[in-house]
Amino acid sequence: MMAGTDPSDSNPAPGMGAPGKILVSACLLGANVRYNAIPCGAVAPILAQWLGEGRVVPVCPEVAGGLPTPRPAAEISGGDGRRVWLGQARVMTTAGDDVSRAFQAGAQAALALVRSHGIRIAVLKARSPSCGNAQIYDGSFSATRIDGMGVTAALLAEHGVAVFNEDELEQADALLRRLERG
Ligand code: SF4
């Protein structure tokens with residue numbers, strides 16, 4: 001259990017309803033929520049299909065945590081999202097502001113959506129300090145990547161959500177269909 005999380009959050013997510021919902025980074029759906037207010041590009045076909053099936057629950061954890069768009073770029077200093085929850089790393093902006101609390105509030109908002117919709121799968125934007133599921137930047141603002149998860153991805157994974165990124169849509173869709181077959 002990560003520090004700063006409610007023990008009751010450790011309950012397993014309920015079973016997937018019909019249709020099963022999927023949490024998706026809002027920026028992957030065309031929402032103007034990125035730190036630099038530059039769109040991510042076209043919505044991927046699998047995401048468009050999920051939208052048509054009524055499965056998509058969008059979230060931007062940073063905006064949900066109270067940050068504006070645009071906002072200063074931020075990276076995790078001292079480790080990855082797991083270490084932020086343990087109080088061993090911080091999310092810092094290019095201006096030197098510690099925005100860890102806003103990032104954690106946004107992650108908790110994402111977890112609340114997961115719990116209320118019985119979500120077991122998330123597709124989150126790669127390499128974001130909130131949403132990255134496998135790699136993030138190292139906190140030096142030098143475009144250097146390290147292995148690790150963002151703050152939201154780490155919290156969701158801790159609570160049993162399978163977290164994919166936009167380059168792993170086929171795997172996410174395969175898991176979705178498997179879960180729905182039971
Ligand atoms: Fe918001 Fe995550 Fe997209 Fe960043 S990567 S804009 S936190 S949804």
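By convention here, the first residue in the shown sequence is residue 1. Just so you know, these numbers use all the heavy atoms, side chains as well, and skip hydrogens, waters and symmetry mates. In listed order, ligands and their atoms are each counted from 1.
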How about [X] and [Y]: do any of their side-chain heavy atoms sit closer than 4.5 Å?
{"X": "V59", "Y": "V24", "result": "no"}
{"X": "F103", "Y": "T152", "result": "no"}
{"X": "V151", "Y": "W85", "result": "yes"}

In the protein, what heavy atom is nearest to [atom], and what distance, to one decimal place, separates them?
{"atom": "atom 2 (Fe) of ligand 1", "answer": "C131 SG, 2.3 Å"}
{"atom": "atom 1 (Fe) of ligand 1", "answer": "C60 SG, 2.3 Å"}
{"atom": "atom 3 (Fe) of ligand 1", "answer": "C27 SG, 2.3 Å"}

Of all the atoms in ligand 1, which lie at a distance below 4.0 Å from a heavy atom belonging to [X]?
{"X": "V33", "result": "6 (S)"}
{"X": "S128", "result": "4 (Fe), 5 (S)"}
{"X": "P61", "result": "2 (Fe), 7 (S), 8 (S)"}
{"X": "K125", "result": "5 (S)"}
{"X": "A26", "result": "8 (S)"}

Inset, instruction - List the steps and the verdict of salt bridge (Lys or Arg N to Asp or Glu O under 4.0 Å) for R55 and E180. - result: CA-CA 12 Å; R55 301 180 179 281; E180 289 193 334; 2.7 Å; yes
Inset, instruction - Would you name the heavy atoms of D98 and S100 that are closest together and state the gap between them? - result: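 Closest approach of D98 to S100, heavy atoms only: OD1-OG, 2.6 Å.
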Legend entry - Per-residue contact class, V59 against ligand 1 - non-hydrogen pairs under 4.0 Å: backbone
Inset, instruction - Specify side chain, backbone, both or neither for R71, according to which of its non-hydrogen atoms lie closer than 4.0 Å to ligand 1. - result: side chain
Inset, instruction - State whether E170 and R177 are salt-bridged, where the test is any N-O pair (Lys NZ or Arg NE/NH1/NH2 against Asp/Glu carboxylate O) under 4.0 Å. - result: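 No, this pair does not count.
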Legend entry - Whether over 12 other heavy atoms sit under 6.0 Å from R90 CZ: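 For R90, atom CZ is not crowded (no more than 12 foreign heavy atoms under 6.0 Å).
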